[in-house]
Amino acid sequence: MHIHSSISALRAALHNRGRVVFVPTMGNLHAGHISLMEQARAHGDTVVASIFVNRLQFGPSEDFAQYPRTFAADCEQLAAAGVDVLFAPDEGELYPEPQEYFIEPPAIQNLLDGAFRPGHFRGVATVVAKLFNCVQPQVALFGKKDYQQLLVIRNMVRQLALPIAIVGGETVRAADGLALSSRNAYLSAAERAEAPRLYRVLTGLRDAIRGGAGDFAALEAAAVAELAAAGWRTDYVALRQQTDLAVPQDKDVPLVALAASHLGRARLIDNIEI
Ligand code: PAF
């Protein structure tokens, strides 16, 4: 695996490398990321990963400084997964001057996670657009665990007519159902044992809807109450339309149940398509 930290060296290395498939990350890799790397291989000739902890997508009171940085271990995992090229710029390379031009997503950026993390999706869209310009891939993969992020990026690519196919990778879970996430590292042993409740709550919503339940507000409130009783502080549990995350007007549209909740120091998010 070749590692490049400058945009010019990356572009030179990707010249004439056929169809380029890209998986952007912020590092601290787990099996969910590695699954995306392995899927990437089927979509092209050269698999490129990036590691960059993007300051723009963190709020002032969020965990930018504490975000786990595990570069050496990440490189080993990427090489073992068959990644051809790693782009690992530092801040001075990607933001050599204060970033003043942004990709401003529309109203979807203010829903759900965006309501609790103002500016987050603007920061994500801006860095992803910039990384796309650096790598110039034909295909890019993003995990479905960050469901809203995947929609924001799909919409950005469509509206800006970027010639990139966006592929969503299924969420990888531990045996007890907990979605793999870099932020699981913040959980104590007792919190780790409790954490799969979030997935159980979501599967409970799915089963209730499949069983004919139709009062979505009551289902959401019951889910929040179950989490609160077990010590969680919930930002949202929401049943939404898959296509645009709007509140469903019709029970027959494809739905997704999404949740974000705090357990100790960790803010965990998860979702399940229904
Ligand atoms: O999902 C992530 O890890 C990040 O939001 C991304 C897409 C790499 C942008 O910084």
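Both ligands and their constituent atoms are indexed starting at 1 by order of listing. We're numbering straight along the sequence, starting at 1. Below, each value reflects all heavy atoms present in this structure, side chains not excepted, and no hydrogens, waters or symmetry copies.
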Following the transitive rule for hydrophobic clusters with a side-chain heavy-atom cut-off under 4.5 Å over Ile, Leu, Val, Met, Phe, Trp and Tyr, establish whether I166 and F22 coincide in one cluster.
-> yes
Just jot down the ligand 1 atoms closer than 4.0 angstrom to any heavy atom of V127, in number order.
-> 9 (C), 10 (O)
Here the atoms of ligand 1 under 4.0 Å from any heavy atom belonging to T25 are 8 (C)
Would D235 and R117 count as a salt bridge (charged side-chain N to carboxylate O under 4.0 Å, His left out) if you check the C-alpha gap in whole Å, the side-chain angles of each, and the deciding distance to 0.1 Å?
-> CA-CA 10 Å; D235 285 346; R117 305 186 68 190; over 6 Å; no
Starting from atom 2 (C) of ligand 1, locate the nearest protein heavy atom and write down its residue, its atom name and how far away it is, to 0.1 Å.
-> Q149 NE2, 3.9 Å
When the side chains of residues 47-54 are checked against the rest of the protein, which donor-acceptor pairs come out under 3.5 Å, sequence neighbours left out?
residue : atom : partner : partner atom : Å
N54     : OD1  : L56     : N            : 3.3
N54     : OD1  : Y95     : OH           : 2.6
N54     : ND2  : Q57     : OE1          : 2.8
N54     : ND2  : G123    : O            : 3.1

Reported CD-to-CG distance for the pair Q99 and L94, which is rounded to 0.5 angstrom = 8.0 Å
Any N or O of Q57 closer than 3.5 Å to N or O of ligand 1 = yes
